[in-house]
Amino acid sequence: MKLPKEFYLQNDVLKISKELLGKFLFTNIEGKITGGMITETEAYRAPEDKASHAFGGRRTERTEIFYSEGGVAYVYLCYGIHNLFNVVTNQKNIPHAILIRAIEPVEGMEYMMTRRNKTKVNPALTCGPGSMSQALGIDRKYNGTDLQGNEIWIEDRGIIIAERKILKGPRIGVDYAAEWAKKPWRFGIEGSKWVSRKF
DNA sequence: TTGACGATAGTCT
DNA sequence: GACTATCGTCAAC
């Protein structure tokens, strides 16, 4: 069951970030279906969130997709090397997004290992936002992709992560955002080894 | 037109 | 644990 459009239109990006844990992210790229269960997310809540690219309501060619209605992908290049995949949420003109940082592999392990040049299925394969995107074949071409389509989508397979099983911690790599960097807006599944770093 | 700077990951110590 | 490759983006010149 693909998550419906309404899921992404909810207004509480922190709540959606937690609800995405235990959902299944899939891609069908170059004829290869790959995917897994989402185990780690981070919320970005502009305009007030200094750590967001859309901080202060900034609109540029890159950030424009942030202002779309929820349910589309925001993919950008970080450090000149890594493609980072985000889900845009909320109503049109409200620039909220969720960075998907890690998945537990479920489908198409062979393809993911080839893309990542790895020989084992372990957290290095799909944990960390750059690694995950590479494993799934996501790059900047997919910026703006509608998650209701057949290239990238998220499924609900009936797994619910209880609030008490959700780990929370400060977001990674956003120290420049001062007090906003300290907010516990990074979420993970307790006990999962499929996370990019310890909480 | 140009220069400073990352929402990282892999390698080396 | 420290070091850094590498290039698109953005704001200033």
Side-chain angles (χ1 to χ4, degrees), chain A residues 8 13-14 16-18 20-21 25 34 36 38-68 70 72-90 94-105 112-145 147 152 154 167-188 193-199:
Chain A
Y8 303 103
V13 70
L14 301 177
I16 304 173
S17 298
K18 290 186 276 188
L20 279 176
L21 297 172
L25 172 64
T34 51
I38 297 170
T39 52
E40 188 180 343
T41 60
E42 262 181 25
Y44 286 84
R45 198 176 71 188
E48 70 270 28
D49 180 2
K50 199 173 175 185
S52 171
H53 296 153
F55 170 63
R58 183 165 65 172
R59 289 185 95 120
T60 64
E61 195 174 351
R62 181 176 66 154
T63 62
E64 194 58 32
I65 197 68
F66 262 100
Y67 298 87
S68 304
V72 297
Y74 168 51
V75 185
Y76 77 98
L77 187 72
C78 185
Y79 293 101
I81 306 171
H82 308 291
N83 291 285
L84 271 57
F85 171 77
N86 299 246
V87 175
V88 175
T89 68
N90 216 314
I94 302 179
H96 291 184
I98 301 165
L99 172 67
I100 309 298
R101 294 186 55 88
I103 61 172
E104 177 176 339
M112 293 196 280
M113 285 189 285
T114 301
R115 285 174 180 148
R116 297 269 303 124
N117 196 23
K118 302 271 180 197
T119 55
K120 286 190 296 195
V121 177
N122 61 24
L125 185 66
T126 55
C127 297
S131 303
M132 186 206 74
S133 300
Q134 187 181 29
L136 294 174
I138 297 172
D139 62 33
R140 291 191 312 295
K141 287 197 300 290
Y142 297 92
N143 188 42
T145 300
L147 301 179
I152 305 173
I154 300 176
L167 300 172
K168 303 169 185 70
R171 292 176 292 181
I172 307 290
V174 292
D175 291 345
Y176 61 88
E179 69 274 18
W180 290 93
K182 303 193 187 87
K183 293 194 178 297
W185 287 1
R186 172 177 174 244
F187 304 102
K193 66 171 179 176
W194 303 95
V195 292
S196 61
R197 299 195 202 180
K198 283 188 149 176
F199 278 80

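All chains are named by letter (A, B, ...) in the order of the sequence lines, taking the proteins before the strands, and each is independently numbered beginning at 1.
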Go along nucleotides 6-13 of chain C 5' to 3' and tag each nucleotide: B for a protein heavy atom under 4.0 Å from its base, S when only backbone or sugar atoms are that close, - otherwise. BBSSSS--
Which residue, A:Gly173 or A:Arg116, contacts DNA chain B at a nucleotide closer to its 5' end, judged by nearest heavy atom?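 Looking at DNA chain B, the more 5' nearest nucleotide goes with A:Gly173.
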Using modelled atom types only, decide if a donor and an acceptor are shared between the side chain of A:Ser133 and the backbone of A:Gly130 within a distance under 3.5 Å.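 No; judged by distance alone, with no hydrogens or angles, the pair does not exist.
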According to side-chain contact (heavy atoms from CB on, under 4.5 Å), who are the partners of A:Pro129, at least two apart in sequence or on a separate chain?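 Expected list: A:Leu84, A:Leu99, A:Arg101.
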Going by side-chain contact (heavy atoms from CB on, under 4.5 Å), name the residues that satisfy it together with A:Leu77, two or more places apart in sequence or in a different chain.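 So A:Leu77 forms a side-chain contact (heavy atoms from CB on, under 4.5 Å) with A:Asn83, A:Arg140.
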Using atom [atom1] of [X] as one end and atom [atom2] of [N] as the other, report the distance to the nearest whole Å.
| X | N | atom1 | atom2 | value |
| --- | --- | --- | --- | --- |
| A:His82 | B:dC5 | NE2 | P | 19 Å |
| A:Met132 | B:dT8 | CE | C1' | 13 Å |
| A:Asn83 | B:dG6 | CG | P | 19 Å |
| A:Phe85 | B:dA7 | CZ | C1' | 14 Å |
| A:Leu99 | B:dA9 | CG | P | 9 Å |
| A:Gln134 | B:dA9 | CD | P | 10 Å |
| A:Lys50 | B:dG6 | NZ | C1' | 15 Å |
| A:Phe55 | B:dG6 | CZ | P | 14 Å |

Going by side-chain contact (heavy atoms from CB on, under 4.5 Å), A:Tyr8 matches just one of A:Asn90, A:Val88, A:Val87. Which one?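 Running side-chain contact (heavy atoms from CB on, under 4.5 Å) over A:Asn90, A:Val88, A:Val87 with A:Tyr8 returns exactly one hit, A:Val87.
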Hunt down any stem DNA chain C takes part in, defined as 3 or more consecutive Watson-Crick or G-U pairs whose two distances are each under 3.5 Å.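 Detected stem regions: B:1-6 with C:7-12, B:8-12 with C:1-5.
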Interatomic distance, A:Ile138 atom CD1 to A:Asn143 atom CG [nearest 0.5 angstrom]: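 Taking CD1 in A:Ile138 and CG in A:Asn143, the distance rounds to 11.5 Å.
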Mind running side-chain hydrogen bond (donor to acceptor under 3.5 Å, both in side chains) on A:Gln134 and A:Arg115 for me, showing each step along the way? CA-CA 7 Å; A:Gln134 187 181 29; A:Arg115 285 174 180 148; over 6 Å; no
Classify the angle between the aromatic ring planes of A:Phe66 and A:Tyr74 as parallel (below 30°), tilted (30 to 60°) or perpendicular (above 60°).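 Rings of A:Phe66 and A:Tyr74: tilted, as their planes differ by 30° to 60°.
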Please identify each residue that fulfils salt bridge (charged side-chain N to carboxylate O under 4.0 Å, His left out) with A:Lys118, with sequence neighbours left out.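 Per chain and number, A:Lys118 pairs via salt bridge (charged side-chain N to carboxylate O under 4.0 Å, His left out) with no residue.
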Go through the structure and list residues passing salt bridge (charged side-chain N to carboxylate O under 4.0 Å, His left out) with A:Glu61, not counting sequence neighbours.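 Checked A:Glu61 against salt bridge (charged side-chain N to carboxylate O under 4.0 Å, His left out); zero matches.
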For A:Leu84, answer base if it contacts any base atom (sugar-phosphate contacts may also be present), sugar-phosphate if it contacts only those atoms, and nothing otherwise; contact means non-hydrogen atoms under 4.0 Å.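 Contact class for A:Leu84: sugar-phosphate only.
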